[in-house]
Amino acid sequence: MSSQFSQYRWNNLVRWLAQKGMKTGPNDLPVECRETPGAGIGLFTVKGCKPSSVLFKIPATALINVKTLRPIYPGNTLTAIQLISLHLFLHQPCGEVEDSSDPHFGPYISILPRNFDSHPLTWLVQSSSDYHRALLNSLPPSVLTALRGLHERFLQDWTAVRAYMVCSVFVALISARVVKWQVLSLLFILVNGQSLEAVNTRCIYRRLKSSKSDPDNVTMCPILDFANHHPHRQNFVPAPTDADMWDVAPTKKLGDDFKFVAVDDGAIDAGSELFLMYGHHSNRTLFTEYGFINRFEENSEDDSPPVETFGGEVDVQDVVEELMKSNLTRQTDLLQRHLQEAGYWGDWTLHSAPHPAHPSYRFITVMRLAASALAPNQATEADIIDAWQEVIAGKRDVISAENEEKWRILAVRICDEVVQRSEARMREYGECLRIVMSSEQRCQWVEDNVKALWHEESYVATLVKGSILSGDML
Ligand SMILES: C[S@@+](CC[C@H](N)C(=O)[O-])C[C@H]1O[C@@H](n2cnc3c(N)ncnc32)[C@H](O)[C@@H]1O
């Protein structure tokens with residue numbers, strides 16, 4: 001979006017919010033949206049804000065969620081994500097220039113991004129481009145697995161939304177009151193099958209239902225929507241509502257207004273970017289769900305290498321599975337069954353922080369079992385499993401001192417494998433993309449993200465190996 005358009009659409013948004021009763025005068029709304037390098041649009045303060053001061057309060061009627069949408073689509077059984085996706089899909093503006101004609105949320109929908117080419121889900125949904133296919137093939141296996149999981153969820157949501165729209169068209173035809181959008185949308189679905197990434201990347205938790213954990217407790221919220229993520233510099237937060245404090249559903253029909261306040265441990269200077277922390281997510285999750293990653297930060301003081309400030313994490317399930325298959329051919333299925341029954345299958349991760357770098361307990365647990373099964377001793381299968389289960393149950397600390405030594409050797413092998421693989425893939429990567437696309441059509445930011453994911457694999461595995469060998473990690 002050009003800055004001219006973003007200013008025009010921002011003014012429209014603020015005017016619309018004012019019509020809904022929001023205080024938007026120069027002394028009431030100390031924020032504005034601005035372009036940020038590498039992160040699209042961000043939210044910035046236009047004047048200094050005191051700790052705990054109210055930054056803005058969005059009227060409940062301007063939020064897009066189950067409470068505000070259900071009356072527009074009566075009788076549906078869609079989830080919040082599906083309902084919001086449906087509404088955005090039906091009212092997304094065509095092209096770059098037009099605005100949304102939605103009578104309910106038009107100015108808000110008009111300011112949302114319209115291009116999701118940098119989001120990896122787009123690469124899967126529209127895998128027609130050679131470049132997107134090459135990027136997908138370049139992802140670390142654990143990232144691709146997570147992305148395929150997200151794609152599955154996307155397809156389920158899309159199927160539900162589509163079924164609802166087709167059904168609405170038939171109902172309208174039968175009652176001979178065919179509304180224009182319904183016919184148009186049916187054509188759209190049959191011809192296109194559009195993607196709905198906007199929803200996933202822009203929803204925030206909001207208590208709307210009687211149960212705290214109801215998945216429909218999400219909302220899209222104008223203005224807040226421009227807040228980018230920072231792994232440790234969150235400077236504002238949603239203010240808790242009565243519903244949050246009393247752990248009940250909100251009493252008002254559309255829920256409460258949504259208020260945001262500066263954090264209480266520091267003032268915010270004028271011109272600062274306002275950051276939220278989207279969660280303590282690994283880069284694998286940030287990349288698949290939101291399309292960006294936490295980057296290593298350049299060290300401006302001297303020439304030392306960029307520093308990691310977010311806690312690197314690598315999922316090594318595919319490497320562990322490969323090791324089991326090639327060394328424990330006959331026992332692999334049995335080990336998998338026992339790990340699954342005990343709830344320890346998968347999610348085997350290595351971490352660079354907190355110091356010392358370390359593998360997760362789940363990883364250690366699978367290593368103990370694999371090392372035990374690999375050991376050339378007289379123990380029966382039943383003995384091996386019994387001893388391992390006693391460790392999980394806390395009845396003994398370890399299987400044996402020897403097993404502790406052996407799993408560490410295995411873990412180091414896995415770290416070496418991760419490092420070698422990521423170094424090889426980083427070497428091949430640039431060449432592989434150059435072959436499919438000329439440089440003008442490529443996106444450097446996206447390619448750097450993929451490279452950084454590989455770099456993180458090698459960085460974290462090297463540190464974990466160091467901790468194991470030095471004995472830092474007991
Ligand atoms: C809620 S929106 C934030 C506003 C967004 N930057 C925009 O231009 O509309 C979330 C999206 O912003 C981008 N984003 C957020 N934090 C980021 C960061 N730290 N670095 C890069 N992109 C970021 C990602 O594309 C993410 O999916």
Side-chain angles (χ1 to χ4, degrees), residues 140-142 145 282 284 308 311-424 456-474:
S142 64
T145 305
S282 64
R284 181 178 61 260
E308 173 241 323
E313 177 186 315
V314 180
D315 184 320
V316 291
Q317 177 163 356
D318 65 301
V319 185
V320 175
E321 277 192 56
E322 197 47 53
L323 178 128
M324 285 203 224
K325 277 191 200 128
S326 49
N327 293 281
L328 294 160
T329 331
R330 281 185 312 108
Q331 293 132 297
T332 306
D333 289 346
L334 182 85
L335 294 194
Q336 177 165 351
R337 187 161 57 76
H338 282 292
L339 283 159
Q340 277 167 340
E341 278 171 11
Y344 279 95
W345 180 257
D347 195 13
W348 303 322
T349 47
L350 309 179
H351 300 260
S352 61
H355 182 80
H358 55 278
S360 64
Y361 181 71
R362 296 181 67 84
F363 174 87
I364 296 175
T365 304
V366 65
M367 286 296 100
R368 282 186 170 134
L369 182 61
S372 199
L374 271 170
N377 59 28
Q378 301 306 312
T380 63
E381 254 164 35
D383 290 341
I384 290 173
I385 301 297
D386 283 352
W388 177 74
Q389 282 173 338
E390 282 180 14
V391 176
I392 297 179
K395 292 184 187 157
R396 59 204 272 181
D397 290 339
V398 294
I399 292 175
S400 66
E402 193 192 358
N403 180 263
E404 287 298 288
E405 211 169 290
K406 288 212 160 100
W407 81 248
R408 284 176 161 80
I409 295 171
L410 265 191
V412 167
R413 253 173 78 186
I414 285 169
C415 291
D416 283 339
E417 177 67 32
V418 172
V419 173
Q420 279 161 20
R421 179 179 69 177
S422 78
E423 284 172 357
E456 184 172 343
E457 298 232 330
S458 127
Y459 171 83
V460 174
T462 305
L463 287 184
V464 171
K465 175 181 169 179
S467 295
I468 295 174
L469 292 179
S470 65
D472 280 354
M473 197 220 78
L474 295 175

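Computed from heavy atoms alone, side chains included, the values below leave out hydrogens, waters and symmetry copies. Numbers here are sequence positions counted from 1.
Rounding to the nearest 0.5 Å places OG1 of T365 at 6.0 Å from CD1 of I392. Separating the CG atom in D333 from the NZ atom in K325 is a distance of 9.5 Å, to the nearest 0.5 Å. Atoms CZ and CG, from R408 and L469 in turn, are 10.5 Å apart once rounded to the nearest 0.5 Å. Atom-to-atom distance recorded for S282:OG and E313:CD is 4.5 Å, nearest 0.5 angstrom. In this structure, CD1 on I384 lies 9.5 Å from CG on L374, to the nearest 0.5 angstrom.
The residue from I414, L350, V412 that alone fulfils the side-chain contact (heavy atoms from CB on, under 4.5 Å) condition with V464 is L350.
Counting heavy atoms from C-beta outward, W388 and L339 have side chains that approach closer than 4.5 Å. For the pair V366/Y344, no side-chain contact is recorded, criterion being any heavy-atom separation below 4.5 Å from C-beta on. Considering only heavy atoms from C-beta on, N327 stays 4.5 Å or farther from T332 through its side chain. The closest side-chain heavy-atom distance from E457 to S142 is below 4.5 Å.
Listed by first then second residue, pairs satisfying salt bridge (charged side-chain N to carboxylate O under 4.0 Å, His left out) with a partner in residues 336-359 read R337-E341, not counting sequence neighbours.
When all heavy atoms are compared, the tightest approach of S352 to G312 is OG-N, 2.7 Å. Contact record, H358 with A353: CE1-O, 3.5 Å, taken as the closest heavy-atom pair. The two residues N403 and S372 make their nearest non-hydrogen contact at ND2-N, 3.3 Å. Across all their heavy atoms, R368 and V398 have their closest contact at NH2-CG1, 3.9 Å. The nearest pair of heavy atoms linking V391 to Y361 is O-OH, 4.2 Å. Contact detail for F363 and A411: the closest heavy-atom pair is CE2-CB, 3.7 Å.
R362 contributes no side-chain N or O that, together with a main-chain N or O of T349, makes up a donor-acceptor pair within less than 3.5 Å. Between the side chain of W348 and the main chain of G346, a donor-acceptor pair closer than 3.5 Å is present. Counting only distance, with no hydrogens or angles, the side chain of S458 and the backbone of E423 share no donor-acceptor pair below 3.5 Å. Without hydrogens or angle criteria, E404 side chain to W407 main chain gives no donor-acceptor distance under 3.5 Å.
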Would you please test V418 and T462 for side chain to side chain contact (heavy atoms under 4.5 Å, CB included) and show each step? CA-CA 9 Å; V418 172; T462 305; over 6 Å; no
Decide yes or no on side chain to side chain contact (heavy atoms under 4.5 Å, CB included) for K406 and L410, but give the supporting numbers first. CA-CA 6 Å; K406 288 212 160 100; L410 265 191; over 6 Å; no
Run the side chain to side chain contact (heavy atoms under 4.5 Å, CB included) check on Q389 and H338 step by step: do they pass? CA-CA 9 Å; Q389 282 173 338; H338 282 292; 4.1 Å; yes
Residues 316-324 side chain polar contacts: donor-acceptor under 3.5 Å, at least two apart:
from: Q317; atom 1: NE2; to: E321; atom 2: OE2; distance (Å): 2.9
from: D318; atom 1: OD2; to: R421; atom 2: NH1; distance (Å): 2.5

